[in-house]
Structures are given as structure tokens and as C-alpha cells.
Amino acid sequence: MKQDLIVILDLGSTQNTVVAREIRDFGVYSEIHPHDITAEELKSFDNLKGILLNGGENRMIDGKPAEIRPELYELGCPMISIDYPQSKCAKQYDALPDSDILKKFVFEDCGAAANWNMKHFIEDQTERIRQQVGDKKVLLALSGGVDSSVVAAMLIRAIGQQLVCVHVNHGLMRKNESESVVKVFRDELHANLIYVDASERFLGKLEGVADPEQKRKIIGGEFIRVFEEEARKLEGIDFLGQGTIYPDIIESGTKTAKMVKSHHNVGGLPEDLKFELVEPLKQLFKDEVRACGVELGLPHDMVYRQPFPGPGLGVRCLGAITRDRLEAVRESDAILREEFAKAGLDKKVWQYFTVVPDFKSVGMKNNARVFEYMVIIRAINTVDAMTASVEKVDWDVLEKVTERILAEVGNVNRVCYDMSPKPPATIEFE
Ligand code: XMP
């Protein structure tokens with residue numbers, strides 16, 4: 001089953017993803033491509049039904065206006081242009097047309113069918129992965145995050161035992177997180193999974209390191225080294241699977257867009273370890289990635305989990321990491337997540353976690369003075385993580401969480417709630 005396709009050519013619009021989203025919301029598959037794509041490349045797409053030339057404020061490249069190749073007008077494919085003065089299309093608009101005009105173009109002019117859904121997408125990708133990989137092997141760093149988990153499930157569906165997953169436990173995972181990766185992927189999906197417990201190695205490298213940037217660098221660098229060591233032990237691997245998703249590509253800069261930020265997945269591997277990339281999710285938005293995961297049979301918790309930073313609990317155990325405080329972060333985080341789930345807040349709040357600073361305060365336990373750590377609770381809502389507001393958590397829930405943390409987590413005598421929006425505070429503390 002091939003899905004009908006509407007191609008959006010990026011001629012400097014800042015609205016490419018908005019348009020792509022809107023067309024997909026009509027049930028028609030849509031992809032964004034660079035303005036200088038050739039007619040040959042376009043002809044190679046199955047079921048291309050129409051082309052939308054999407055101009056806009058970033059249309060100048062190296063001082064020259066971006067233009068499509070004139071040969072594209074000869075394709076005989078329905079075309080429409082938005083904010084593109086050089087357009088030779090029959091239908092031209094100065095600004096983003098409203099939904100009805102877009103709908104009319106997609107369904108009437110292009111005759112596209114609303115046949116884009118996850119089942120078809122998975123069938124399509126499965127076929128493409130098999131064609132790309134043949135009988136070769138693919139290596140995948142499986143962190144347990146949404147994107148890498150969905151890629152793993154997709155690759156297992158497509159090539160089964162030709163996929164080798166490596167899960168590196170850096171010792172900064174949440175409670176039972178690594179166990180759940182092993183359970184789901186090795187026991188239930190029967191993946192070829194290599195589990196590396198590198199906790200001691202990471203904690204050793206991090207000993208005494210208090211500077212947040214230094215901590216992040218050590219965790220990221222060490223991760224690549226552990227993964228590289230595992231890759232070298234394996235033979236006959238030609239491909240590297242990656243959980244790149246659409247926003248990663250867009251944010252890393254298209255030909256016209258200004259660079260927002262560079263994304264690093266398992267980049268940084270040494271030159272002599274050369275792999276071809278397999279990126280089956282690179283056309284999906286985050287919510288589509290989740291829907292894909294559900295369709296592939298991954299557990300709800302894994303697919304709908306909140307964002308979790310690469311350096312894990314390492315940036316929530318503030319200052320130089322110690323085992324007792326790391327344990328306090330992990331246990332308090334587990335309690336917070338359990339109580340939020342009971343109160344239904346897990347479906348409402350965008351991100352919530354606990355933090356343990358590296359100082360102590362005075363308290364009393366069993367009529368004796370104690371000098372112990374504190375746990376800070378943070379719960380925020382955001383759309384894009386660039387700004388964030390604090391969730392007004394129900395007082396009873398906060399009391400319950402506090403009570404449990406004080407009773408169940410060792411070395412802790414105080415619990416606080418972080419009231420700071422972003423900015424000026426960031427979401428994470430380090
Ligand atoms: P900040 O702290 O910058 O966080 O307000 C914004 C969002 O990004 C997450 N975050 C990370 N995610 N790798 C990631 O994949 C990282 O190194 C990282 N640092 C922060 C953070 O949890 C929040 O959702």
C-alpha cells in the first residue's frame with residue numbers, strides 16, 4: 001500500500017512544518033524537501049500527487065533568491081505557490097492560504113486520497129528498511145527514550161535479528177528504567193540486545209566533578225566511548241539506526257532556515273567507524289512517533305513518557321554526584337511519578353521531577369537533631385521547552401508526596417516546591 005504524497009518545497013518559508021502538519025491532518029501524507037530538488041528525484045517518489053512551493057522571509061540564499069528548477073513546471077503535477085514572486089504556477093497566493101483553499105488543492109486539484117495512517121506508514125517503512133539494509137546488520141543505541149524505542153520496534157518488525165541493540169546503563173537512569181528496557185525489548189520483542197552496565201565507570205569519571213557543563217561533557221563523551229567499544233566488538237555491521245525525528249531535521253537548519261540548534265544523537269563516533277544511517281522516523285513529528293510506537297505494540301508508559309535529559313539524573317543530583325544523593329534523587333523521583341500518576345497528573349503536566357542539592361539543612365527526627373539533604377519538586381508546563389510555567393499542583397498531592405519522601409527516602413529531612421518559571425530559571429537545574 002503506497003500513500004499519496006504532497007511535496008512542500010522550501011523556498012524560505014518559516015511555516016513549512018505548519019503546512020506539512022495541516023496536510024497530514026487532512027489524512028494526506030506530506031513531506032518537506034529543499035527547493036533545488038531535481039525532477040528526477042521527484043519522479044522517483046511513488047504516488048506524488050502535487051507540489052506546493054512555499055516561499056517566505058528566508059528566501060535569499062547567499063544573496064540570491066531561492067528558485068526551483070524550471071524543469072519542475074514540466075512534470076505535469078498540480079502546483080500551487082505561496083509568497084513566491086517568481087512563481088509560474090497557475091495558482092499563486094501571497095500568504096499562507098486558509099484551510100479550505102489548501103484542502104481544495106489537495107483533494108480536488110491533486111486528487112489525493114486521505115490514506116495516510118500509521119499502519120500504512122509502518123508497512124511502507126518496513127519495506128524501505130528491508131530494501132536499504134538487505135541481509136546486512138544494523139546497530140542501534142537504545143536509550144529507552146521514546147524515539148530510540150520506536151526506532152528499535154520498527155527495525156525489529158522489519159529485520160528482526162539483523163538488528164543489534166546496545167543499551168548503555170550510565171547509572172543515571174530513573175528507577176527500574178534499564179530493567180524495563182531489557183524486559184520489553186529482550187523478553188517481549190525478542191530483540192538481539194546487548195546490555196552494558198557502565199554505572200561504576202560513569203560514577204568513577206564523575207567523582208568530585210561539580211561543574212554542570214563539565215558533568216554533561218563527561219557523561220556525553222563517556223557514552224560515545226562505551227558505545228564505540230561495543231561497536232568494535234561486533235563484526236559485519238554496516239548500518240547505524242538513529243532516532244532522528246522531523247523537528248531534529250528542521251531545527252538543525254534546512255537550506256533556507258536559520259540554524260536553531262545542532263542536534264547530537266550518537267554523533268561523534270570515530271572516523272574509522274563508518275556506518276550508513278537508517279532513520280525510519282525522520283519524517284515524523286513527535287506525536288506521530290508516539291502513535292507509531294503504539295501501533296508497533298510498545299507499552300503506553302514507554303511511548304508517552306515525559307522528556308528525560310540525556311545526562312539523566314546526573315543533572316538533578318546537583319554539584320559533585322554522590323551515591324547517597326543520587327539514590328535520594330532516584331527514589332524521590334519514583335515516588336513523585338507514582339503519586340502524580342495516581343492523581344492523574346501524569347497526563348496533564350508536561351514535565352515533573354525531583355532534584356537534590358549538595359547542601360544539608362538542620363532538622364529533627366525521633367527527638368534528635370539531624371543534618372540532612374532536601375528534595376526539590378519541580379512540575380512545569382510548556383509547549384516547546386523554550387519557556388515554561390509552573391503547574392499549580394493540588395496541595396493534597398504535594399502533601400502526600402512530601403510525606404512519602406520524608407518517610408521513605410534516606411538522608412532527607414526537607415521537601416520544597418520550585419515556583420520559578422522559565423525564564424529566568426531553566427527547566428533543569430544544571
Ligand atoms: P532546560 O533545562 O534547558 O531544558 O530548560 C529544556 C528541556 O530539555 C531537556 N533537556 C535535555 N534533553 N538532552 C536532552 O535530550 C539534554 O542534555 C538535555 N538537557 C535538558 C529538559 O529536560 C527539558 O525538557
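The chain is numbered in sequence order, starting from 1. Read the numbers this way: they start at 1 and go in the same order the structure lists the ligands and their atoms.
In this structure, R316 satisfies the cation-pi test against F353, with its NZ or CZ atom closer than 6.0 Å to the six-membered ring centre and inside 45 degrees of the ring normal. A cation-pi arrangement is found for R325 relative to Y373, the charged atom lying closer than 6.0 Å to the ring centre and inside a 45° cone about the ring normal. Cation-pi check for R369 over F371 is met; the charged atom lies under 6.0 angstrom from the ring centroid and within 45 degrees of its normal.
Here atom 3 (O) of ligand 1 lies nearest to K422 when heavy atoms of E430, E428, R378, K422 are compared.
The shell of residues lying under 4.0 angstrom from ligand 1, judged by heavy atoms, includes W350. At least one heavy atom of R216 sits under 4.0 Å from some atom of ligand 1.
Remark: ligand 1 and Q351 share an N or O pair separated by less than 3.5 Å (distance only, no angle test). Among the atoms of F308, none of the N or O lies under 3.5 angstrom from an N or O of ligand 1.
Relative ring orientation between F223 and H170 is described as perpendicular, the plane-to-plane angle rising above 60° on a 0-90° scale split at 30° and 60°.
F227 and H167 have their aromatic ring centers separated by at least 6.0 angstrom.
The contact set between ligand 1 and P311, taken as ligand atoms under 4.0 Å from a residue heavy atom, comprises 16 (C), 17 (O). Numbered from 1 in the order shown, with element, the atoms of ligand 1 that lie under 4.0 Å from a heavy atom of T426 read 1 (P), 2 (O), 5 (O).
In summary, K217 and D211 do not engage in a salt bridge, as defined by a charged side-chain N under 4.0 Å from a carboxylate O.
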